[in-house]
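To keep things clear, I will list the structure first and then write my remarks on it.
Throughout, protein chains are lettered first and strands after them, A, B, ... in sequence-line order, and every chain is numbered starting at 1. Keep in mind that what you see is a predicted model, and the values were worked out from it rather than measured.
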Amino acid sequence: MYALLATAAEPAAVELQLWDDGGSPASDVRKVAAASLAGAVRATEREHRPRWVWDRAQHWYPGLLAAGTRVERCHDLALCQAILLHSQFTAGTGYRQRARALPPEDLPPAAGPDTAQGSLFDQPARNAGWGLDAVAAELAAQKTAIASSTHPARLSLLTTAESAGALVAAEMQNEGIPWRTDLHRRLLDELLGTEPPDHARPPKLEALAVELRAALDAPALNPDSPQDLMRALHRAGIDAKSTRSWELQEYQHRAIGPLLAYRKLSRLFTTNGWAWLDQWVRAGRFHPEYLVGGVVSGRWASRGGGAMQIPKQIRGAAVADPGFKLVVADAAQLEPRVLAALAQDSAMAAAGRDKDLYAGIAAQGFGGERAMAKVALLGAIYGSTSGESGRLMPQLTRMYPRAVGFVEEAARAGERGEQVSTHLGRSTPPVSEQWRAGQRSSTADEQRRAESAARSRGRFTRNFVVQGTAAEWACCWLAELRRRLRALAPEPALLPDRALAPAGGAPAGTAITTRPELVFFLHDEVMVHCPDALVGAVTEIVHESSRVATRLLFGRIPLEFPVNVTVVDSYADAK
DNA sequence: GCACTGAGCGCG
DNA sequence: AAAGCGCGCTCAGTGC
């Protein structure tokens, strides 16, 4: 059962259409004003449990969530099209010719309770949206492409997981990470001093700048200017070739201490200081925007507030509401395990029999040196040629010829300008004509550049197959986790919607929902904001979902993907 | 004034 | 010890 959702020709109106799985024409067409969309969707969801088909979840779902409506399943045409257009698995299906151009990405968010009051001029782009016919046609084209591809089951899983990811992303965005403004401010106070007016430099930072200028005998130095700083360092006899912290560490000079301290605090002040709090934290929640499949490899990206770079320094401000815990889980050595599975390297799988794959590898051939094993393995996945990991490669190759051979092959294909694919069929974009032309260059200088470009692309494709497949595993994990969390606590969280709560009602950070909610996801890590009573059940679900994800991707294999779970009040205490 | 790049650094 | 993958964000600096 599908339910199609599309913009109609008139602004501020949308259409729903139900489809049975045979793809027979509309059996139940509802045309609704945007203002009542949430109600119509809720009713349809209750009666039919359909898979919603829409151009982009990101344009419909936030509005529905704001109006208290959750959706169980969907097919996100934009995300799936992005996969199918480039996938090597669909190369022979003719989908590229049949695919329809998507509506522009900057359509306004759909159909919240307020949108009907907006003037027509508020939503000019709505007219450019898809109608039902276009939605139906694109869905049919995608289904055909998947069915006639070289790996229908894999692409079907990938598009389903990606679409579920779109739902998770919107829900997490809506929910937000519990964020204690008071704790964050206390932290800033301790590290930076009292907040100065007008975004001026805080006291402790200013003091370090003064100390630094004195140490370098440069009274006008702007420590935020790399050029300015470089000149001052050289005058003081420090002949560093960059001003990177790790390089400056090597020098003995009384300016280095204050400079490194300044760097660290300046970073905190500018990126995650008071301005960040004002901009990104509302009502005790940090609401970043997630971009599903925003990275070429299929990883998610994010926009707003730097959600994927929350420094360890401030994680103490992410604290569960009273009566709740944070269940924080991360997949142990996800990428190396993915490599072992992809390459079907049973020696490496054996090393991962216990929870710590690196320790297992160290025991098999690096004299028990875990750090060495880790550097070597990551070097293989990233394409390192020099340094310690480069030196360890021959040893690693002797131990795991299949695993190393697998990434080597991906690298060689990339160097030849070929595409490579993840396990489920996300492929690298084809190389540009410019790249290809560069490879045919004649002069010695051009040839050196071409070889360097080829090696660089080899490192990219080498990493792509592993990172991208790891992203697929994580997406399946997340989707299964979401499904099971819904089954655990099926009551929708309609107790008063945060957006509708009376002003001055619940203070920031007070519990509003009573069900466990996914609130954060980062590559191989998830966070569930979980009522105390459900912590045990949720922990079990997290583990079980990882087993399901492994099964879905790889079938029955002699390798597990263990997950580390910690139950904490504060994110700072996770791991 | 705006768009862009590079340096630097946070995360996985 | 400081190379090799993928990002986002901020500031300085540059070019228009």
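- Phosphate contact (OP1/OP2 of C/dG4, side-chain N/O of A/Arg459, threshold under 4.0 Å): absent.
- Nucleic acid contact class of A/Ile310 (heavy atoms, under 4.0 Å, all strands): sugar-phosphate only.
- OP1 and OP2 of B/dG12 both lie 4.0 Å or more from every side-chain N or O belonging to A/Arg299.
- Within the nucleic acid shown, A/Thr243 comes within 4.0 Å of sugar-phosphate atoms alone, with no base atom in reach, counting heavy atoms only.
- No engagement by A/Glu335 is indicated, since no non-hydrogen atom pair under 4.0 Å with the nucleic acid exists.
- No contact: A/Gly294 has no heavy atom under 4.0 Å from any strand.
- Counting only heavy atoms from C-beta on, A/Gln467 has its side chain closest to B/dG12 among C/dA3, B/dG12, C/dG8.
- Between A/Asn222 and C/dA12, a side-chain N or O to OP1/OP2 separation shorter than 4.0 Å is present.
- Nucleic acid contact class of A/Phe460 (heavy atoms, under 4.0 Å, all strands): sugar-phosphate only.
- Residue A/Pro226 places its side chain closer to B/dA7 than to any other of C/dC5, C/dC7, B/dA7.
- The six-membered or imidazole ring of A/Phe286 lies near that of A/Trp276, with a centre-to-centre distance under 6.0 Å.
- Ring planes of A/Phe561 and A/Phe554: parallel class, angle under 30° (limits at 30 and 60°).
- Side-chain atoms of A/Arg263 and A/Thr243 include a donor-acceptor pair closer than 3.5 Å.
- Proximity of A/Lys312 to the phosphate of B/dG12: a side-chain N or O atom is located under 4.0 Å from OP1 or OP2.
- Residue contacts shown for A/Gly390 are absent, as no nucleic acid heavy atom lies under 4.0 Å away.
- Distances shown here put every side-chain N or O of A/Ser245 at or beyond 4.0 Å from the OP1 or OP2 atom of B/dG8.
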